[in-house]
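Ligands are counted one by one from 1 in listed order, and the atoms in each one are counted from 1 as well. None of the values given here were measured: they were computed from a predicted structure.
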Amino acid sequence: MTIETQMRSGKRHDPAMLREAIVRKLTYDVGRSQNAASDREWFMATARAVRELIVDRWMATTRSAYETGAKQVYYLSLEFLIGRLLRDNIDNLGLTEEVSDALAPLGVTLERIRMAEPDAALGNGGLGRLAACFMESMASLGVPAFGYGIRYDHGLFRQVIANGWQHEYPEDWLAFGNPWEFAKPEIAPEIGFGGWVEGSLADEPCVWRPGEMVQAVAYDTPVVGWRGRSMTTLRLWSARAPDPLKLEAFNRGDHVGALAERVRMEAISKVLYPGDETPAGQELRLRQQYFFTSAALQDLVRRHLRVYGGLGSLPDKVAIQLNDTHPAIAVAELMRICVDLHRVPWDEAWRITQGSIAYTNHTLLPEALESWPVGLIERLLPRHMQIIYLINARHLQQVRERFPGDDALAASVSLIHENDERRVRMGHLAFIGSHCVNGVSALHTSLLRRTVFHDLDRVAPGRIVGITNGITFRRWLHQSNRRLCALIESAIGPKFRDDPQALEQLRPLADDAAFQGDFAQVKRLNKQALGETIRAELGIVVDPAAMMDVQIKRIHEYKRQLLNLLETIALADAIRAAPSGGWAPRVKVFAGKAAASYHRAKLIIRLAHDIGSALNDDPALQGLLKVVFLPNYNVSAAELIVPAADLSEQISTAGMEASGTGNMKLALNGALTIGTRDGATVEIAERVPKDTIFLFGLTAEEVAERKARGSGGWPAIAASPRLAAVLEALERGDYSPDDPDRYRDLVASLRGPDPFMVASDFEAYWAAQRRADRLWRDPAAWTRAAILNTANMAWFSSDRTIAEYATKVWNIPVPRRALGQAAELPPSQESQRGG
Ligand code: 26Q
């Protein structure tokens, strides 16, 4: 029996057969002998052997989608933060034990080779990780899907801390090859840039003569769903110049010049933009956006035409989801493909475009709402600029008919922002070109309707819907917290692995002393594991009995790592003043990257280090307070930190965090949340008992009111001697003796405008932290609360999220299993939950 037939028969694998396959891969693919192989080579060989087990089923799922004529989802995203794939794949195939057993006689452990896999960091943060969770959930639910993105040679930079400052180094995930992907050099659509347009400006077919052409080469990675039932495809595009070099120039001796054009073209897929909320505004970024969007649309149109022959049925057979505005040019590109290339009349093309496309918004921050100068689009994509004008003219005409004389409304919903420099509003383009626009949490959706899309919502009422984000429990519970899963299984059986709702059976166990003890023991072991990494990386010894208080996310002012750091200083002062004041021993763990050009965020990283240096060796604080900054936060680091966390910091200025997904991961793993009423934290609070979450601070409405009043931070500082003392210490240079002025501007902005309400929320945050201290002093009560967090997180499974997209946006059927969850009543209408 071959491995494949054995798999199909559902029998356990013969480890000997698997071992043989791995050794064969090592010998013939990697070219290494067993006794000389490194962990990385063993990883490569194992991954290749596992990939072989995936291929047949992958092809079968793709084929069955064709044959049944099922609607296909195309998820367009400039980011897929997938991390490592080995454990994902073998767990979902149900092969973990078999692979371990196969490797053991070779003297190789799964754990060691797992660590040898590079962490694919093709994303900045939440938006990219969400795309990765969605690919896995769609595979698990059997939703036929392709993810389209860019195969960056270099993902998000590697963060190195030197002397407390962040430095960025190129990341090189492909250096040793990628065993999961299939290169498809024959799938290589051509992408044009520049040039001119032949034809009139009317809505008739035109011919675009691009000035240059780049090829987009496909690389496919199968994404395995839970229990290997079905799979999705992540198709990432790599830029290739049609001509490898200018031979004539080369022969002339101009070796560099001969390659210049190629280098310029291939730069498109060189590196991921470390953006996170602040548009870089570079031409290359726009090139990236058009490059992958056009490749994706050409690819899906080709596939559709092959089966259905015409484009009229596209909205019935295809759902194109735009992950933020980064692929918003899809609206103009799909119109171009229809009108210019397939001679579809304009109105019909518009029906096809709007019917196929939907758009997810991930931010309200004005500086993060993308817009591109009209001049730049005209130069790079002249035909698209014409099409955008034509779309806008029709759109504004309709608005004027429905709202006669309302010039302000017309100006506000126009695709063009008229200013000194005219710009195309990509959010507006995505909105107008979509049949559905969604926010990523309930609060975010209501703010979308009230703020950025207020006027567009009047023009197209009902288009905005809310779909709260989710996370895949396979990665964020089953894989990353095996100890907890073993405990859960021993208590309530294995059902939760297929149906997260079963976690609710843990509710009664929250009061069971024996279960509490086991739960606390799991947490302690996870904390020990994290503690070992902290010691190995930073030389800091932490006590696994202390509260692990974690804030792990991109460094951004709105996320308010600064609030946490100021509280840390105040806490140190208070402990020194009253050493037996009932403080919970704490380790404050920070991790996260700052955008390379975001100076204030880098200064906050420096402050975390300065505070750590000042506190960690202070004998007065021994056993009570440590501050740790773990460098180079990524998916793998999260998988280590999340299971070890006791307290989850979700303390953004209310109204600014669209959703957050780390908040869900941490609560699922039994961390209690200290947080503001922001993003999806609001919905976590609706699902856990009141006494198991520490909410504090201004609401989004109060923040808006205060901003309108504009009093700044000083009244709050004047009212809080504790905060005043902290700020004075920073101003004096107590925490930066080598550069006493380092934090002067930072403090000045808190005394002044304080746009993120750090000062205003400080006292409320302090009080919430002391409530956490009090609960910590009662270990049974804390553990009970932790259990109730885990028990009530089922709704945050990305399977539920995908089921909602399927029904609300894509109009495709999903299995009952997932539908049951999506249809669940909002918690406010339900009777009291556990506890
Ligand atoms: C834009 C222009 C130029 C360069 C970069 C960018 C850029 C890149 C990344 C803009 C934004 C991002 C990423 C945004 C992001 O991660 N948003 C987060 O999305 C999560 C998933 O919905 C939410 O949970 C978070 O609240 C939200 O901040």
Side-chain angles (χ1 to χ4, degrees), residues 75 77-81 121-134 149-150 152 155-157 271-290 321-329 359-372 376 423 426-427 430 438-445 447-448 466-472 552-560 592-598 633 635 650-666 675-676 678-684 700 796 798 801 805:
Y75 198 80
S77 178
L78 218 31
E79 309 193 2
F80 287 92
L81 193 44
L122 310 184
N124 276 288
L127 166 152
R129 184 53 232 175
L130 187 74
C133 284
F134 281 6
I150 293 181
Y152 301 104
L156 187 60
F157 65 83
V271 52
L272 165 81
Y273 263 92
D276 198 275
E277 316 293 358
T278 37
Q282 269 101 340
E283 176 176 330
L284 185 58
R285 171 88 182 175
L286 181 58
R287 281 178 176 266
Q288 288 186 330
Q289 296 188 349
Y290 179 64
Q321 192 68 37
L322 308 183
N323 199 21
D324 215 287
T325 51
H326 314 155
I329 195 70
Y359 151 55
T360 306
N361 172 288
H362 297 267
T363 186
L364 300 160
L365 304 193
E367 68 270 27
L369 295 175
E370 271 192 306
S371 70
W372 293 105
L376 177 59
R423 301 178 76 95
M426 301 310 272
N438 79 284
V440 289
S441 72
L443 175 64
H444 170 63
T445 306
L447 290 172
L448 269 187
I467 304 181
T468 300
N469 284 166
I471 56 174
T472 167
I552 47 175
K553 49 184 82 240
R554 287 298 289 257
I555 312 293
H556 207 293
E557 286 166 282
Y558 85 80
K559 295 181 188 281
R560 298 201 295 191
K593 293 176 181 175
S597 59
Y598 194 168
Y633 183 59
V635 173
Q650 306 301 334
I651 60 176
S652 52
T653 314
M656 302 195 86
E657 188 70 272
S659 163
T661 45
N663 47 1
M664 304 167 190
K665 292 160 199 168
L666 286 156
T676 46
D678 201 12
T681 301
V682 174
E683 289 156 88
I684 291 178
F796 295 98
S798 46
T801 311
Y805 275 93

- Task: Give a yes-or-no answer on whether the side chains of T325 and E370 include a donor-acceptor pair shorter than 3.5 Å.
- Result: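 Yes.
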- Does the side chain of N323 come under 3.5 Å of the side chain of E79 through a donor N or O and an acceptor N or O?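 Note: N323 and E79 side chains miss the donor-acceptor criterion.
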Can you confirm, on distance only, whether ligand 1 has an N/O atom lying under 3.5 Å from any N/O atom belonging to [X]?
X	value
L127	yes
H362	yes
G128	no
K559	no
H326	no
S659	yes
E370	no

Would you please determine whether [X] falls within less than 4.0 Å of ligand 1 on a heavy-atom basis?
X	result
N124	yes
H444	no
G679	no
Q282	no

Need the ligand 1 atom indices (1-based, order shown) with element for anything under 4.0 Å from a heavy-atom of [X].
X	result
E79	8 (C), 9 (C)
A658	26 (O)
Y558	28 (O)

- From the options I150, L122, N124, L78, select the one residue that forms a side chain to side chain contact (heavy atoms under 4.5 Å, CB included) with L272.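 Going through the options one by one, the only one that passes is N124.
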- Got L284 and Y273 here, is their nearest side-chain heavy-atom distance under 4.5 Å?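 Yes, at least one pair of side-chain atoms sits under 4.5 Å.
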- Query: Between Y598 and I555, is any pair of side-chain heavy atoms under 4.5 Å apart?
  - Reply: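 The answer is no, as the side chains (C-beta and beyond) never meet within the 4.5 Å cut-off.
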